[in-house]
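To keep things clear, I will list the structure first and then write my remarks on it.
Here is the naming used below: chain letters follow the sequence lines, and residue numbers restart at 1 for every chain. Here the structure is a predicted model, which means the values were calculated and not measured.
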There are 2 protein chains.
Amino acid sequence: MSVNHAATGVDRRELILMQAIPLFAATGYSGVSMRDIARAVGVSTAALYHHFPDKQALYLVAVDHAFTDKAEGIRRALAAGDPDFRALLQRELVDGDETRLKLLADQVFLEPYEAIVALAKELAPDLDPYLLANSVVGLVLFCFETLPLRRHLPGRKPEHEKPKTIAKHASALLVRALGVEAAEPDGGRSG
Amino acid sequence: MSVNHAATGVDRRELILMQAIPLFAATGYSGVSMRDIARAVGVSTAALYHHFPDKQALYLVAVDHAFTDKAEGIRRALAAGDPDFRALLQRELVDGDETRLKLLADQVFLEPYEAIVALAKELAPDLDPYLLANSVVGLVLFCFETLPLRRHLPGRKPEHEKPKTIAKHASALLVRALGVEAAEPDGGRSG
DNA sequence: GTCTATAGCCTGATAGAC
DNA sequence: GTCTATCAGGCTATAGAC
């Protein structure tokens, strides 16, 4: 159906999404107008309505795209990755549309979440594995979330902004709490 | 300057703020119109402009009010407290206006943050106290943040929504990580 | 201090030419 | 598929009566 754009690798529809995602991430749904998106893409608003029935649909597809397209998924975001991903996630968490959250849960978080829950059961049978899984993720994500605030708080060091430092801190804390070494790829997690 | 409203306890200006805060918390700055606020208060939009020069000013005062008025401050929010506080905080973290974040840091978070940092230095001298302080707060706040998402993930239990459960989980994790009992009011924290 | 009325702009969305 | 032109309505903010 869509024209072959082998030369560029993206068709028009995808180009619109790519331009829309950072805009929605930066200022949220009602902070971005169809005109803003059209200007970013370099087309008229009418062209947008050829590809998407309305603004809401464009937003939904854009969010879905941002979350699932970044294929390997959350690992990148946890490992520091895409700021747009984090911003969109924060916005979705606070805007709280049940339909979109369900989609986010099923299509993005279900698989890695279950993996972490399974690990949690193994490592700390006496703690609630679901809350623990959440805490593990939160130890990293919350650091990034609060970064803009902590920049204005005392004790700020440049390395606090580096993903590596944050990851190391979270690991150290978990090692102490769960009595294991940080997970190694060779699978030696029962020692 | 403002009329004495001893009977009601609030003047008009404060009434506007009280009505505006939950609106801004629910749908964000650009998601709330001056008409929405006026309707909630029961006055015309023109009346709003008598008390505040423009929408941005109203928003700033409202956020300030929400953060500092809840006097004892963060403890309530951490302990589960005000959903408006959490929602506004999440929105401010992601919207990232430097001026507002600075105000938030100085007037709301500075004091309790330093207290937690001091505690962190004592309990875990080998960990970064600033990151640890952040983690301590995050263990609780992140649970609330992700609640709307976790409702759609497996393993959901009703008690995961209860502040008490979340607090207990965070405590248990910290006890394991830092090798101390949960802080008791009698100050027995060096044993 | 609050109102009604309105200016002037921006919004989402559509019609119809090409 | 994309354009220009446009609609109806919402928006912030103001003017002026009371």
Side-chain angles (χ1 to χ4, degrees), chain A residues 1-65 91 95 97 99-100, chain B residues 1-65 91 95 97 99-100:
Chain A
M1 39 194 61
S2 62
V3 192
N4 183 4
H5 287 250
T8 62
V10 290
D11 61 12
R12 197 65 149 194
R13 183 184 153 98
E14 197 170 349
L15 178 63
I16 293 171
L17 294 174
M18 304 269 283
Q19 298 293 329
I21 287 167
L23 292 180
F24 283 128
T27 55
Y29 181 80
S30 40
V32 177
S33 71
M34 292 299 269
R35 285 166 157 85
D36 291 335
I37 299 169
R39 197 178 310 121
V41 179
V43 296
S44 68
T45 67
L48 264 34
Y49 284 92
H50 173 77
H51 295 278
F52 304 93
D54 56 25
K55 183 186 176 182
Q56 167 104 348
L58 198 165
Y59 177 75
L60 284 170
V61 177
V63 171
D64 186 36
H65 200 75
R91 291 188 185 281
D95 278 342
D97 176 299
T99 311
R100 280 179 272 157
Chain B
M1 38 193 61
S2 62
V3 192
N4 183 4
H5 287 250
T8 62
V10 291
D11 61 11
R12 198 64 149 192
R13 184 184 151 97
E14 197 170 350
L15 178 62
I16 293 171
L17 294 173
M18 305 269 283
Q19 298 294 330
I21 287 166
L23 293 180
F24 282 128
T27 55
Y29 181 80
S30 39
V32 178
S33 72
M34 294 297 270
R35 283 165 155 89
D36 292 334
I37 299 168
R39 199 177 308 124
V41 178
V43 297
S44 68
T45 67
L48 264 34
Y49 284 92
H50 173 79
H51 296 279
F52 304 92
D54 56 25
K55 183 186 175 181
Q56 167 103 350
L58 198 165
Y59 177 74
L60 283 170
V61 177
V63 171
D64 186 37
H65 199 76
R91 291 188 184 281
D95 278 341
D97 178 297
T99 311
R100 278 179 273 156

Inset, instruction - Locate the shortest heavy-atom distance separating Ala57(B) from Asp54(B); write the atom from each residue and the value. - result: N-OD1, 2.9 Å
Legend entry - Heavy-atom closest pair, residues Thr45(A) and Arg35(A): CG2-CG, 3.6 Å
Inset, instruction - Give me the residues of residues 26-39 of chain B where at least one heavy atom lies under 4.0 Å from an atom of DNA chain D, by number, or none. - result: Val32(B), Ser33(B), Met34(B), Arg35(B)
Inset, instruction - Evaluate the criterion side chain to side chain contact (heavy atoms under 4.5 Å, CB included) for residue pair Arg13(A) and Leu58(A); output intermediate values, then yes/no. - result: CA-CA 10 Å; Arg13(A) 183 184 153 98; Leu58(A) 198 165; over 6 Å; no
Inset, instruction - Answer yes or no: does a side-chain N or O of Ser44(A) lie under 4.0 Å from OP1 or OP2 of dC3(D)? - result: yes
Only distances under 3.5 Å count here; give the side-chain donor-acceptor pairs of residues 18-25 of chain A to other protein atoms, sequence neighbours excluded, each with its distance to 0.1 Å.
none

Legend entry - Spacing of Leu58(B) atom CG relative to dA13(D) atom C1', expressed in whole Å: 13 Å
Inset, instruction - Mind listing the residues from residues 46-54 of chain B sitting with a heavy atom below 4.0 Å of DNA chain C? Number order is fine. - result: Ala46(B), Ala47(B), His50(B), His51(B)
Legend entry - Side-chain touch Asp95(A)/Arg91(B), heavy atoms, less than 4.5 angstrom: yes
Inset, instruction - List for me each residue that meets side-chain contact (heavy atoms from CB on, under 4.5 Å) alongside Thr27(B), sequence neighbours excluded, and say none if there are none. - result: Val32(B)
Legend entry - Inter- and intrachain pairs under ring-ring contact (aromatic ring centres under 6.0 Å, His included), touching residues 29-58 of chain A, at least two apart: Tyr29(A)-Tyr59(A)
Inset, instruction - Rounding to 10 degrees, work out the angle separating the end axes of the helix from dG1(C)-dC18(D) to dC18(C)-dG1(D) (five pairs an end). - result: 0°
Inset, instruction - Please state how far atom NZ in Lys55(B) lies from atom C1' in dC9(C), giving the value in whole angstrom units. - result: 15 Å
Legend entry - Shortest side-chain distance from Arg12(A), nucleotide among dT2(D), dC3(C), dA13(C): dT2(D)
Legend entry - Side-chain (Asp64(A)) to main-chain (Val61(A)) donor-acceptor, under 3.5 angstrom: no
Inset, instruction - Over all heavy atoms of both residues, which pair between Ser44(B) and Ala38(B) is shortest? Give the atoms and the distance, please. - result: C-CB, 3.8 Å
